[in-house]
Amino acid sequence: MPQANHRQAEPPACRLYLVTPPALEPAAFAPLLTRALDAGDVACVQLRLKDCSDDDIRRACDVLRPIAQEREVAFILNDHPALARETGCDGVHVGQSDTPYRQARKIVGPDAIVGVTCHDSRHFAMVAAEDGADYVAFGAFFPTQTKTAEYHATPDLLRWWSELMEVPCVAIGGITADNCAPLVRAGADFLAVVNAVWGHPDGPAAGVKALNAAIAAALAGTGDAA
Ligand SMILES: Cc1ncc(COP(=O)(O)OP(=O)(O)O)c(N)n1
Ligand SMILES: Cc1ncsc1CCOP(=O)(O)O
Ligand SMILES: [Mg+2]
């Protein structure tokens with residue numbers, strides 16, 4: 001996973017992982033991404049375009065990837081290892097129904113980031129970690145409108161994982177500034193969000209700031225108790 005954001009001497013123990021909306025027009029989305037990344041600490045951006053052609057994904061990568069990489073934010077492509085490699089992304093995220101981890105790794109190479117969806121499964125996560133995944137993702141933690149979530153994870157999974165394993169864990173699904181404290185305290189290394197940033201009523205910059213503040217409060221022990 002990415003190193004410290006250059007704006008901070010020490011990265012926080014839990015960082016933001018932005019996932020893009022499932023459909024976007026790259027030129028229109030570019031200023032929103034720029035504002036979000038300039039608003040605070042973001043470790044990663046995942047381009048998650050569903051039901052788009054390979055050429056649409058290539059075009060989106062060409063416009064959006066430099067915005068992240070110029071800011072030392074990792075740019076990860078969802079679902080498409082070959083396109084990730086071709087377009088110069090920092091890595092790829094694969095799910096249990098996508099290209100299997102080992103094949104994805106062969107395609108993107110040893111230095112790229114490969115993350116794996118593990119739903120609520122300790123078994124999937126241990127297999128992914130053993131195989132060499134750079135992070136495992138658990139979820140959905142809360143109800144979400146962004147994806148039909150068939151699996152539901154709870155903070156005890158994050159606690160178990162983070163106490164036992166070195167491989168970082170990402171929490172995803174319905175996460176907001178108001179509900180993230182238990183996940184941060186349970187040991188999530190990254191919080192992956194869509195709607196809490198892109199759907200924030202005051203815009204994506206406000207979404208990033210609210211989540212950064214909520215993470216900091218939870219780490220300091222002043223966030224919601226849970
Ligand atoms: C960080 C992160 N976690 C989970 C997912 C979900 O991946 P997947 O199960 O393959 O579903 P789709 O996102 O492809 O619909 C993710 N993309 N990112
Ligand atoms: C991609 C994905 N995988 C599990 S839930 C989810 C969507 C997360 O979006 P939101 O943060 O808007 O709930
Ligand atoms: Mg997938």
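Atoms within a ligand are numbered from 1 in the order they appear, just like the ligands themselves. Hydrogens, waters and symmetry mates play no part in the numbers below; they use all other heavy atoms, side chains included. Values in this document were obtained by computation on a predicted structure and should not be read as measured data.
- Annotation: atom 12 (P) of ligand 1 to nearest protein heavy atom, Lys50 NZ, 3.4 Å.
- Listed by atom number, the atoms of ligand 1 under 4.0 Å from Ala137 heavy atoms are 3 (N).
- With values rounded to the nearest 0.5 angstrom, Asn212 atom CG is found 5.5 Å from Asp41 atom CG.
- Rounded to the nearest 10 degrees, the angle OD1 (Asp79) to the Mg ion (ligand 3) to OD2 (Asp98) equals 90°.
- Using a 4.0 Å cut-off between heavy atoms, Arg48 contacts ligand 2 through its side chain alone, with no backbone atom that close.
- For the atom pair Leu18 CG and Trp198 CH2, the distance stands at 5.5 Å (nearest 0.5 Å).
- Atom 3 (N) of ligand 2 has its closest protein heavy atom at Lys147 CD, 3.4 Å.
- Scanning all protein heavy atoms for the shortest distance to atom 8 (P) of ligand 1 gives Thr117 OG1, 3.6 Å.
- Shortest contact from atom 13 (O) of ligand 1 to any protein heavy atom: Arg48 NE, 2.7 Å.
- Taking both residues in full, the closest heavy atoms of Pro31 and Ala27 are given as CD-O, 3.2 Å, listed atom of the first, atom of the second, then distance.
- Hydrophobic clustering of Ile, Leu, Val, Met, Phe, Trp and Tyr side chains at less than 4.5 Å, counting indirect connections, keeps Tyr101 apart from Phe138.
- Remark: ligand 2 and Ala196 share no N or O pair separated by less than 3.5 Å (distance only, no angle test).
- At least one N/O-N/O distance between Asn78 and ligand 1 falls below 3.5 Å.
- Among protein heavy atoms, the minimum distance from atom 8 (C) of ligand 2 is reached at Ile172 CG1, 3.9 Å.
- Heavy-atom contacts of Lys147 reach the following atoms of ligand 1: 11 (O), 12 (P), 15 (O) (cutoff under 4.0 Å).
- Val116 and Tyr135 fall into different hydrophobic clusters, where Ile, Leu, Val, Met, Phe, Trp and Tyr residues are linked whenever their side-chain heavy atoms come under 4.5 Å apart, directly or through other members.
- Among protein heavy atoms, the minimum distance from atom 5 (S) of ligand 2 is reached at Gly173 CA, 3.7 Å.
- Side-chain atoms of Thr154 and Asp156 include a donor-acceptor pair closer than 3.5 Å.
- The contact set between ligand 2 and Val193, taken as ligand atoms under 4.0 Å from a residue heavy atom, comprises 11 (O).
- Here is the list of ligand 2 atoms found below 4.0 Å of a heavy atom in Gly174: 10 (P), 11 (O), 13 (O).
- In terms of protein heavy-atom proximity, atom 2 (C) of ligand 1 is closest to His93 CE1, 3.3 Å.
- The CE atom of Met165 lies 7.0 Å from the CE atom of Met126; values are rounded to the nearest 0.5 Å.
- At the shortest separation from atom 7 (C) of ligand 2 among protein heavy atoms lies Thr146 CB, 3.8 Å.
- Looking only at protein heavy atoms, the nearest one to atom 11 (O) of ligand 2 is Val194 N, 2.9 Å.
- There is a path of hydrophobic side-chain contacts, each under 4.5 Å, that joins Leu32 to Val63.
- Inclusion of Asn195 in the set of residues having an N or O under 3.5 Å from an N or O of ligand 2 is warranted.
- Taking OG1 from Thr20 and CG from Asn78, the interatomic distance works out to 8.0 Å, rounded to the nearest 0.5 Å.
- Trp161 and Ala129 make their closest contact through CH2-CB, 3.7 Å (heavy atoms, listed as atom of the first residue, atom of the second, distance).
- Contacts between Val19 and ligand 1, counted as non-hydrogen atom pairs separated by less than 4.0 Å, are absent for every part of the residue.
- Other residues, nucleotides and ligands contribute more than 12 heavy atoms inside 6.0 Å of the CZ atom of Arg58.
- Taking every non-hydrogen atom of Gln46 and a distance limit under 4.0 Å, the qualifying atoms of ligand 1 come out as 1 (C), 2 (C), 16 (C), 17 (N), 18 (N).
- Applying side-chain contact (heavy atoms from CB on, under 4.5 Å) to Tyr17 and the options Val193, Val73, Leu191, Ile76 leaves one that passes, Ile76.
- Among all protein heavy atoms, the one lying closest to atom 10 (O) of ligand 1 is Asp98 OD2, 2.9 Å.
- Close N/O approach between Asp79 and ligand 1 is found [any backbone or side-chain N/O within under 3.5 Å].
- Following chains of ILVMFWY side-chain contacts shorter than 4.5 Å, one cannot reach Ile107 starting from Ile113, and the two form parts of different hydrophobic clusters.
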